[in-house]
Amino acid sequence: MESTTDDPRKKRATTPSNKEAQPVGCTPRSAATPFTENVTTHRPDMVKAMRPEMNICSDWETFCKHYLPATDLSPKIIDDAVQHLQNRGVLLSNQDNQLYFSGFPVASSKSKKPTETERFEPLTGIINALGEYTKSTKRTPSCEFVQEPNYFNDTETAGGNFKVDGYLRILESTVPARKQAGEKKRARRKKPAVREEKGKGSRTERPLANVAVPCEFKSVLSKRYENRRQLLGSVSFCMNDDPRRMYMYGITIEDTTMAIWYFSRSHSVKSPDFNFIDDYKRFTHTMLSFLLADEQGLGFDPTIKRYLEPGDPVQSVYFVYKVGERYFKTVGTIFESRRLRVTGRGTQVWKVVEVKSFQDLTRLNPNQHPMVLKDVWLNKGSMTEIQNLEAIFTELRKLAQEVESGKEPIIFKGFRDSRKIPLENCLRNATWQNYFLTSECDWQGHDSKELASGVTPDPRVFDAPTTKVRAASKSLSSSSRQLQTLLTDSDPPVQEGHGQPRDYRSKQQFRAVYRELCTALHDVDQLGDLVTALDDCVFALQLMFLAGWVHRDISSGNVYLYKDTRGKPCGILGDLEYAKPFENSKSTSDPKTGTAYFMAVEIQTQTRIGSSPSAYSIPSEEEMKTNPTDDRTLPITHHFLHDMESVFWLLLWTLLKRFPFDPQPDGAENPTQEKSKTMEAFQSAICSVFRDTGDCPAQRIRLITSQGHLNAYLQNWLNRHLQTLITPLTRFRESLFIAYGRREIETQGIADCGSLYGNLTVLLEVCRAFVMTNSSLPSLVSWKSLPASTVANAPSPDEAASNKRKRHPTGSGAQHPKNSKSKIKHSGFPESGAQEDASVVTTDGGDEDEDGGPEESEEGDESMEVDEYIGGQDDTESD
């Protein structure tokens, strides 16, 4: 692409319809925690996060037809495969003329073999014999069964310290072969290279990208829940580690009980249990379904390919994405969704350059600036980010016509004249595109499976039933009183907000390339630049307000800093997948959407705050005869005020958590020890407000609702150099709380929004002025290097707290040329600068991760030392 002075924002790509889309048959990587520790540490958190996502299918035929990959297996094929196993001596007849697997004369729980590995070793011969049968039918198997319970994982991201007992391995490796001779360093990894032969002091690693179907075994049925949790940890890590995974299968066996698992971005399902020894035909059918499936059938995305960088001495891994009929090679990571949940958007954001094809990786234009590619799973049928932007721009065009005619739209009510002028200028000049990302191209791709008929939620599928009941005191006991219910797998489904059942909607891939290569707010290291980006973000929110749209997912990962060709900073607002027209509904609630760190208190709690206007009026005689309405129980609809509150939390998080905290233990006998204690107290105080969990901390609620509480909190914990900002912060909180109470007054809600946008802008102007008068302020602390205890108690935001992944250095700071002259100047905006995630998107809105704690290591699942695995690395995700 030749350099040009044209503003790329003036040329926007439209979103093709589904009919126009063309589905087709290491780059440096960073990721959002909660994956701050190894998988074995996070298993309890994963279980908690996945409870509302799990389902069970009680009918085998339904599971087989709807979820298994290869469904074209006739009864004759199964019978012929069984006969092949008999001919090979894998299946034998007993004295009752019943067939049984020769490797399992007795159940594993009764086996005299000393180890679990030896008890399940015959599975390899059985499954590979089925692989031989597929070749005799002139059908090539796609995978083979391998048992390597003592192998570690060769992964591309940190935390994969688990081991799997067995797995189906892709025959055509998805991992390009690396040179072994003279190899001094492998692609951005600090652990030993893959070795096929184990020697003293070495270990063998399997490429995790080749694990198609992980399997977990236990010799006794009583360990089935432990077995399930180990499988969940393996699958969750694989779905985060490998961008090619669209969905995954898993297998668990406890003694003779076998189950198949399906995990996807929309929902996850467990099959009915069956005895794999007695029901050898069902076992044969299941394994043939996997062996005969192609890579896409096993969950690998055919529109993404993995390569090694040619001529790179460290042989770095990168990916090539197909977007419609164009191809883009990753050269850096911006954001990856690394959540405890499998379900969700699974967002991947990359710095990319365009290449010719999968076969020809030559850059299409060597002079072209890098762009941003975003790959995300959205609810099927929902509007994409680009479609939402077009709808917003359409409304702004209508308003522009009103302004041009000299008529002031009613939506301007509440704005001061000094705030109206820049908005009117923006409408007259049609420069609203400057505040949002510009699409280069996009594509709508694969759909996830629909929820099968008859499948029911089971939130306790990973939890052992509670059967131990404390006996009643004998003096008060009564034999007539019986325990009616126990916490079992049959518990009712988890409900979300106001009793609404979880909606397991099918998801569809959406992939887009954007022209502006920005820096996410949590990667901006100068407070002045950060305030500039926030200021422009608030202006973008005002434009959305004029259009009648709410954003619903403001976070540090979807507010970006962009610098033009002259290096002038400006802000861009992104991640509009969850944006929607505002509806002041009093009958239904919006789902809990957003990033927990920055989510409005009302959205998190699903309870209204602020007093209703009726609280200040005397009820009429008619009202006295009716039952009063508790305002707190009214449905919660995402309001413009909620977006502004998210900006407030984002600014507060930045000032508290990213500005260096320097406790001064004056007069202490042991200053070092006292300073350490103060730092621990500080981290605890921050974590009491900012947590990546669906539950809203009580401290967070008090900061918004209690008069004087924010002031006291900031006096204690805000850096002493920033204390002058306490007054404007507390005044904005007061304005926000008053606006919540007045929102139901007719037209007053709109007027208050206009005033509150002005107050929020003033708050940012004060911050900007403070920065300009304090030139010696230090750089912001990177959230990537925050103390481990902070991360552990309250993982970093958005799918926002990322641990830097191990492939190339990230390129999030590069700029794309842009004509800054089209960027209007308006009163209240400093001319030189005033979600997850990173440059383009947030993640599945914060709804995961709470506690944690390691589980005991078992055979085939031992933990590696944390320092050995992730130590020494460079530190760089609700529906």
Side-chain angles (χ1 to χ4, degrees), residues 414 419 527 530-531 534-535 537-538 541-542 545 551 554-556 559 594-605 607-613 615 631-632 636 638-659 685-691 696-719 722-744 748-749 751-770 797 828:
R419 303 299 176 192
L527 185 58
L530 185 143
V531 172
L534 270 181
D535 202 357
C537 163
V538 171
L541 287 176
Q542 292 178 71
F545 169 74
H551 187 281
I554 297 295
S555 77
S556 67
V559 178
T595 302
Y597 267 49
F598 316 113
M599 194 182 295
V601 167
E602 284 193 344
I603 300 299
Q604 274 193 306
T605 62
T607 303
R608 292 200 168 204
I609 62 174
S611 300
S612 167
D631 292 334
R632 293 173 301 174
I636 303 299
H638 204 105
H639 198 278
F640 304 105
L641 300 176
H642 296 142
D643 283 344
M644 285 185 267
E645 185 183 333
S646 291
V647 174
F648 171 74
W649 286 121
L650 181 49
L651 176 62
L652 199 62
W653 173 80
T654 300
L655 298 177
L656 285 165
K657 200 169 182 180
R658 295 196 57 208
F659 207 88
I686 301 304
C687 295
S688 71
V689 177
F690 297 100
R691 295 181 188 167
C696 187
Q699 176 78 301
R700 186 183 183 93
I701 298 173
R702 287 192 291 268
L703 291 185
I704 287 292
T705 62
S706 298
Q707 181 73 23
H709 199 82
L710 177 64
N711 182 76
Y713 181 86
L714 294 177
Q715 291 285 353
N716 284 331
W717 303 117
L718 190 63
N719 187 290
L722 304 179
Q723 294 283 314
T724 57
L725 299 179
I726 292 179
T727 297
L729 287 167
T730 54
R731 285 179 177 173
F732 178 78
R733 184 218 67 86
E734 293 168 3
S735 302
L736 178 66
F737 188 67
I738 292 171
Y740 275 128
R742 289 157 48 94
R743 74 189 123 175
E744 300 304 329
Q748 187 62 54
D752 280 346
C753 284
S755 299
L756 203 62
Y757 281 122
N759 287 357
L760 185 54
T761 301
V762 169
L763 170 60
L764 294 171
E765 289 173 345
V766 171
C767 292
R768 176 61 182 166
F770 170 80

Out of curiosity, Leu718 CG to Tyr713 OH, how far, rounded to the nearest 0.5 Å? 10.0 Å
Regarding Arg743 and the six-membered ring of Tyr740, is the cationic atom NZ or CZ under 6.0 Å from the ring centre and inside 45° of its axis? no
Non-hydrogen side-chain atoms of Asp643 and Phe545 separated by less than 4.5 Å: no
For the pair Leu725 and Leu763, evaluate side-chain contact (heavy atoms from CB on, under 4.5 Å) and give the outcome as yes or no after the intermediate values. CA-CA 9 Å; Leu725 299 179; Leu763 170 60; over 6 Å; no
Run the side-chain contact (heavy atoms from CB on, under 4.5 Å) check on Phe659 and Thr654 step by step: do they pass? CA-CA 7 Å; Phe659 207 88; Thr654 300; over 6 Å; no
On a heavy-atom basis, which atom in Cys767 and which in Val531 lie closest, and how many Å separate them? CB-CG2, 4.0 Å
Starting from the C-alpha separation in whole Å, work towards a yes-or-no answer on side-chain contact (heavy atoms from CB on, under 4.5 Å) for His639 and Cys753. CA-CA 10 Å; His639 198 278; Cys753 284; 3.7 Å; yes
Do you know which of Val647, Ile554, Leu760 makes side chain to side chain contact (heavy atoms under 4.5 Å, CB included) with Leu534? Val647
Given the side-chain rings of Phe598 and His642, with only the six-membered ring counted for Trp, is the space between their centroids under 6.0 Å? no
Hey, does Ile704 have a side-chain heavy atom less than 4.5 Å from the side chain of Glu602? no
Check Gln542 against Thr761 and note the closest heavy-atom contact, atom names and distance. NE2-OG1, 3.9 Å
Cationic N near anionic O, under 4.0 Å, Glu645 to Arg700: no
Let me see the working for Asn719 and Leu655 under side-chain contact (heavy atoms from CB on, under 4.5 Å), right down to the final yes or no. CA-CA 8 Å; Asn719 187 290; Leu655 298 177; over 6 Å; no
